Amino acid sequence: MYVTPRPVAAEDPHYGIRLGLTGALAYGAIPLLNPALPPIIAALPVGLVAAQRKAFDPGKLIGGVIAMIVLPWLMTWVVEWLRPMPLVYVTAVWALYFAGFLMILRSGAQAGMLIVVVTVLISVMGMHGTATVETLRDGFLQAALVTLVIGPLVYLVLPARTRDRHVDAPVPGGGRAVTGAAIRATVLLALSFWLYAVMQPSDMMMAVVASMVLVFPTRRTVFSEALQRIRATVLGGAVALGILALFTLSPHLPILLGLVFLGGLWLGQRMLFGAQPSMVYQYAFSVTLALVAGALSTQDPGYATFTRIVLTLTGAFAAAFAVAVLDGLTQWRGGAADTGDTA
C-alpha cells in the first residue's frame, strides 16, 4: 500500500500553518451548514488537503472530492436496495471489500483504500437504517463541497515554495493477491459487525482508524500501522481534551477556531520535523477534529476519547492479529510474507 511521504520543509515551509488554517476553516463551516454529523465536515477537508505534497495539485483534490461524492451515493443505493435481503447484503459488502483490497495488493493504488473506507462507513451505517445512511451520504456531499472551497483557498493564501507537483509512486505487491484480499475482506467484514455493535453513528468517522490497518500487505506493516493508529488516537485525544478544556473557559466561536488552528499548526509542524512517521500526526489531527466536533454536539468529551482509544486498541489489534494468523497459515506472499519490505 502506497503511503504518502513526509512533507519537506524546504519545498513547503508553510505546511503546518496551512494544516491549522484548513482545520479552522472547516470548523467555521459547521455553524453555517448545521450538519447532522459535524465530525465529517471537520475531518474530511483536512484529510484531502493534508494529503497534498509539494505544489497544489487541483486535479488530485477534485478527484478526491468527486470520489467522496460518487462513492457514498453508489454505496447508499446498494445498501437501500440490498438491506432487505441480509445474506445478499453481507455478500455484496464482502465483495466490495475484496475488490478494494485486491486493487491495493495488486497495484498499491490509494483508490482501493477509498473503496474500502467508504464501504465500511456506509455499510455499517446502513445497518442502523435507511435514514441514517442517507444522513451520512449527505454529510459526505457537504464535506466534499466544503473541501472544494477550502483547498484552493488555503493554497492561494499559503502557496508551497516549489512549483513541482508530487507524483504518487505505488508499488505493486507480490504473491497471491487474491488470497490476501480474501483474508482481509473476511476479517474486515467481522470487524464491521463489531463496529455496528459498539459504535454510535456520530462516531463512525473514527471507525476508519480500526479498519485502515488492514490495507497493508505484510504482517509487520499491519502491526506497525496498528501501533501508529493507537499513538495517533492517544495524541489526538490529548490535543482535543486540551482544546475543550481551554474552550470551556471562554466558549466563543473565534476562541474555538483559534485553538483548532493552533492544534493543527503544532501537529503540522510535527509532520515536518517530528520523530514519529508523519501520518501519525496527520491521523492525530483528524482524531482531534472529530473528537471536538462530536463533543460539542452530543458527546461527553472524556467518554468520546475513551471510546475511540478502546476502539483502536481492540479493533485494530484484533484485526491485525487475525490477519497475521491467516497470512501465516496461507503464506500467500511466499518468501516475502514476513519481510514487511513491500508496502
Side-chain angles (χ1 to χ4, degrees), residues 2-30 32 39-65 67-68 110 143-169 228 231-232 235-236 238-240 242-243 246-247 253-293:
Y2 176 74
V3 178
T4 307
R6 182 186 295 271
V8 179
E11 298 173 339
D12 193 0
H14 304 307
Y15 184 90
I17 303 174
R18 188 187 307 115
L19 187 67
L21 181 60
T22 302
L25 291 175
Y27 262 81
I30 292 176
L32 297 176
I40 299 178
I41 303 292
L44 184 60
V46 167
L48 293 179
V49 173
Q52 297 268 338
R53 296 290 185 269
K54 298 185 178 181
F56 176 57
D57 188 342
K60 184 176 293 185
L61 182 73
I62 293 172
V65 167
M68 289 296 101
Q110 292 183 326
L145 296 178
V146 169
T147 305
L148 201 57
V149 174
I150 291 177
L153 179 61
V154 294
Y155 268 92
L156 178 65
V157 175
L158 297 164
R161 179 173 294 173
T162 180
R163 294 186 178 181
D164 295 333
R165 293 179 181 176
H166 176 73
V167 178
D168 293 341
Q228 288 187 31
R231 289 195 292 267
L235 179 59
V239 174
I243 290 174
L246 293 173
F247 178 65
L253 181 61
I255 299 297
L256 176 64
L257 298 182
L259 292 171
V260 169
F261 169 77
L262 292 175
L265 172 62
W266 182 72
L267 290 169
Q269 291 300 108
R270 301 303 294 170
M271 287 184 68
L272 290 170
F273 305 110
Q276 298 292 331
S278 65
M279 295 306 292
V280 169
Y281 304 109
Q282 181 175 323
Y283 295 142
F285 193 38
S286 296
V287 170
T288 297
L289 296 173
L291 282 171
V292 173

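No experiment lies behind these values; they were computed from the predicted model shown.
- Here the side chain of Tyr155 pairs no donor or acceptor atom with the backbone of Ile150 at under 3.5 angstrom.
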Does Leu25 form a side-chain contact (heavy atoms from CB on, under 4.5 Å) with Leu153? I'd like the steps, not just the answer.
CA-CA 10 Å; Leu25 291 175; Leu153 179 61; 4.1 Å; yes
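- The distance from the CD atom of Gln269 to the CD1 atom of Ile17 is 7.0 Å, given to the nearest 0.5 Å.
- The line from CZ of Arg6 to CE of Met271 is 8.0 Å long, rounded to the nearest 0.5 Å.
- Side-chain atoms of Arg161 do not come within 3.5 Å of backbone N or O of Asp12 as any donor-acceptor pair.
- The backbone N or O of Ser278 lies less than 3.5 Å from no partner atom in the side chain of Arg270, so there is not a single donor-acceptor pair.
- Note that CZ of Phe56 is 16.0 Å distant from CZ of Arg163, once rounded to the nearest 0.5 Å.
- A pairwise comparison of heavy atoms in Phe261 and Gly20 identifies CD1-C, 3.4 Å as the closest pair.
- For the residue pair Gln276/Arg231, the side-chain donor-acceptor check at 3.5 Å is satisfied.
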Starting from the C-alpha separation in whole Å, work towards a yes-or-no answer on side-chain contact (heavy atoms from CB on, under 4.5 Å) for Val65 and Leu145.
CA-CA 7 Å; Val65 167; Leu145 296 178; 5.6 Å; no
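- Contact check for Pro152 versus Leu61: side-chain heavy atoms found under the 4.5 Å cut-off.
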Is there a side-chain contact (heavy atoms from CB on, under 4.5 Å) between Met68 and Leu44? Walk through the geometry before answering.
CA-CA 9 Å; Met68 289 296 101; Leu44 184 60; 4.0 Å; yes
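- A distance of 12.0 Å separates CG in Asp164 from CG in Asp57, rounded to the nearest 0.5 Å.
- A 4.5 Å side-chain heavy-atom check between Arg165 and Pro58 finds at least one atom pair inside the cut-off.
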Report the C-alpha separation of Arg18 and Thr22 in whole Å, then their side-chain angles, then the decisive distance to 0.1 Å, and conclude whether the side-chain contact (heavy atoms from CB on, under 4.5 Å) test is met.
CA-CA 6 Å; Arg18 188 187 307 115; Thr22 302; 4.3 Å; yes
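- Contact check for Val239 versus Trp266: side-chain heavy atoms found under the 4.5 Å cut-off.
- Distance alone, capped at 3.5 Å, is enough to place a donor-acceptor pair between the Arg53 side chain and the Ala50 backbone.
- Interatomic distance, CG of Leu32 versus CD1 of Ile41, reported as 10.5 Å (0.5 Å rounding).
- Using a distance-only test at 3.5 Å, with no hydrogens or angles considered, a donor-acceptor pair links the side chain of Tyr27 to the main chain of Ala293.
- In this structure, Tyr283 contributes its side chain and Gln228 its backbone to no donor-acceptor pair below 3.5 Å.
- Side chains of Leu19 and Leu265 form no contact here, defined as non-hydrogen atoms less than 4.5 Å apart.
- Considering only heavy atoms from C-beta on, Val8 stays 4.5 Å or farther from Thr162 through its side chain.
- Considering CG of Leu257 and CD1 of Ile30, their distance stands at 9.0 Å, rounded to 0.5 Å.
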